[in-house]
Amino acid sequence: IQRLSPETEIGLIGELTLLRAIIDAGMPLPLAIESWVGPLDRFQDFELGTGALEVKSTLSAVGFPAKIGSLEQLDDSIRQPLYVAGARFRQTESGHNLPESVGAMRMKIKGDAEAERLLAERLLSAGYIDMHADHYPRKFELAGTRIVQVEGSFPRITLGSVPSGVLRAMYEI
């Protein structure tokens, strides 16, 4: 397994940040980690009941550019309600790097064998392995989070909105 790209690294930190928020909101540990399906190549990062949450992380100080990886990613006809969680980070000396974020999550769930198993599986599926920990020295601090429901005039391209014959698309909003 190769080490994660800088873009994937910040994306994983964003997903771990939202996973922690879901756990802190009171969802049982195994259920919370089971809802984190992004590493399993699902369309959205979290599937919660009939709804879903897509996490987009950025280091951008201005605006919030988000790369959309498929026509299905922001399609609320698949899962409802669908939300996009924007996590804005800044690189700082006092923040936490990816291995520290992983370690904090492991401590949070310590003692729950099923949660520990699920987290290990998800981290491996996401491409994170401890052996590469020293390749992630950058430290990040959460500067803000915004959660928006995907509906109506939300900017997106879906399978139902493209001309017949268009099978795949990646775009930025």
Query raised in the report: Salt-bridged, Arg106 to Asp130, with N to O below 4.0 Å?
Result: yes
Requested in this report: Find the distance between CD (Gln91) and CZ (Phe140) and round it off to the nearest 0.5 Å.
Outcome: 5.0 Å
Report task. Please report the shortest heavy-atom distance between Phe46 and Glu15, naming the atom on each side. Result -> CZ-O, 3.5 Å
Query raised in the report: Heavy atoms, side chains only, cut-off 4.5 Å: are Ile13 and Ser57 in contact?
Result: no
Report task. Indicate if Ile109 and Ile22 have the same hydrophobic cluster label, given that clusters are the connected sets of ILVMFWY residues with side-chain heavy-atom separations under 4.5 angstrom. Result -> yes
Report task. Go through Gln73 and Glu54 one step at a time and tell me if the side-chain hydrogen bond (donor to acceptor under 3.5 Å, both in side chains) criterion holds. Result -> CA-CA 8 Å; Gln73 199 167 51; Glu54 176 60 27; 3.0 Å; yes
Query raised in the report: So which heavy atom on Met27 is nearest to which on Ala32, and how close?
Result: SD-CA, 3.3 Å
Query raised in the report: Any side-chain heavy atom of Asn97 sitting closer than 4.5 Å to one from Pro137?
Result: no
Query raised in the report: Can you check side-chain contact (heavy atoms from CB on, under 4.5 Å) on Val150 and Arg156, steps first, answer last?
Result: CA-CA 9 Å; Val150 176; Arg156 61 196 163 139; 3.5 Å; yes
Requested in this report: From the options Asp45, Leu19, Val84, select the one residue that forms a side chain to side chain contact (heavy atoms under 4.5 Å, CB included) with Val55.
Outcome: Asp45
Requested in this report: Decide, yes or no, whether a salt bridge links Glu9 with Arg3 under the criterion of side-chain N to carboxylate O below 4.0 Å.
Outcome: no
Query - Arg88 side chain vs Ala143 backbone, donor-acceptor pair below 3.5 Å - result: no
Do any side-chain atoms of residues 159-173 form donor-acceptor pairs under 3.5 angstrom with protein atoms, and if so which ones, sequence neighbours left out?
| unit_1 | atom_1 | unit_2 | atom_2 | d |
| --- | --- | --- | --- | --- |
| Ser161 | OG | Thr158 | N | 2.9 |
| Ser161 | OG | Thr158 | O | 3.0 |
| Ser161 | OG | Thr158 | OG1 | 3.4 |
| Tyr171 | OH | Ile157 | N | 2.9 |
| Tyr171 | OH | Ile157 | O | 3.2 |

Query - Common cluster, Leu59/Ile68, ILVMFWY with side-chain heavy-atom separation under 4.5 Å - result: no
Query raised in the report: Can a salt bridge be assigned to the pair Glu47 and Arg42 using a cut-off of 4.0 Å between side-chain N and carboxylate O?
Result: yes
Query raised in the report: Looking at NZ of Lys139 and CD of Glu93, how far apart are the two atoms once the value is rounded to the nearest 0.5 Å?
Result: 7.5 Å
Query raised in the report: If two hydrophobic side chains count as joined below 4.5 Å and joins carry through other members, does Leu124 share a cluster with Met131?
Result: yes
Requested in this report: For a side chain to side chain contact (heavy atoms under 4.5 Å, CB included) with Leu4, tell me which candidate from Ile129, Ile10, Leu12 qualifies.
Outcome: Leu12
Query raised in the report: Hey, any chance Leu142 and Leu53 share a hydrophobic cluster, counting ILVMFWY side chains that come within less than 4.5 Å of each other, even indirectly?
Result: yes
Requested in this report: Using the test side chain to side chain contact (heavy atoms under 4.5 Å, CB included), find all partners of Ser5 that sit at least two apart in sequence or belong to another chain.
Outcome: Glu7, Thr8
Query raised in the report: What residues, two or more places apart in sequence or in another chain, satisfy side chain to side chain contact (heavy atoms under 4.5 Å, CB included) together with Gln80?
Result: Asp76
Query - Test item: Arg138 side-chain N/O and Pro6 main-chain N/O as donor-acceptor pair under 3.5 Å - result: yes
Query raised in the report: Which pair of heavy atoms, one from Glu116 and one from Gly111, lies closest together, and at what distance?
Result: OE2-N, 2.8 Å
Query raised in the report: If you measure from CG on Leu48 to CG on Leu31, what distance do you get to the nearest 0.5 Å?
Result: 8.0 Å
Requested in this report: With rounding to the nearest 0.5 Å, note down the distance linking CD in Glu72 to CD1 in Ile78.
Outcome: 5.5 Å
Requested in this report: Measure the spacing between CG of Leu29 and CG of Leu119 and express it to the nearest 0.5 Å.
Outcome: 10.0 Å
Query raised in the report: Do Arg122 side-chain atoms and Trp36 backbone N/O form a donor-acceptor pair below 3.5 Å?
Result: yes
Requested in this report: Can you see which heavy atom on Pro39 is nearest to which on Ser125, and at what distance?
Outcome: O-CB, 3.4 Å
Query - Closest non-hydrogen atom pair between Pro81 and Gln149, with its separation - result: CB-NE2, 3.5 Å
Query raised in the report: Are more than 12 heavy atoms from other residues, nucleotides or ligands located less than 6.0 Å from atom CG of Asp41?
Result: no
Requested in this report: Take Leu74 and Phe154 through the test side-chain contact (heavy atoms from CB on, under 4.5 Å) and record every step on the way to the result.
Outcome: CA-CA 9 Å; Leu74 296 182; Phe154 190 92; 3.8 Å; yes
Query raised in the report: Looking at CG of Asp75 and CG of Leu82, how far apart are the two atoms once the value is rounded to the nearest 0.5 Å?
Result: 8.0 Å
Query raised in the report: Do the side chains of Ile23 and Ile147 join up, straight or via other hydrophobic residues, at under 4.5 Å, putting them in one cluster?
Result: yes
Query raised in the report: Do Ile33 and Glu114 have side-chain heavy atoms sitting under 4.5 Å apart?
Result: no
Query raised in the report: Taking C-beta and beyond as the side chain, do Thr17 and Phe89 meet within less than 4.5 Å on heavy atoms?
Result: yes
Query raised in the report: Which pair of heavy atoms, one from Tyr128 and one from Ala133, lies closest together, and at what distance?
Result: OH-CB, 4.1 Å
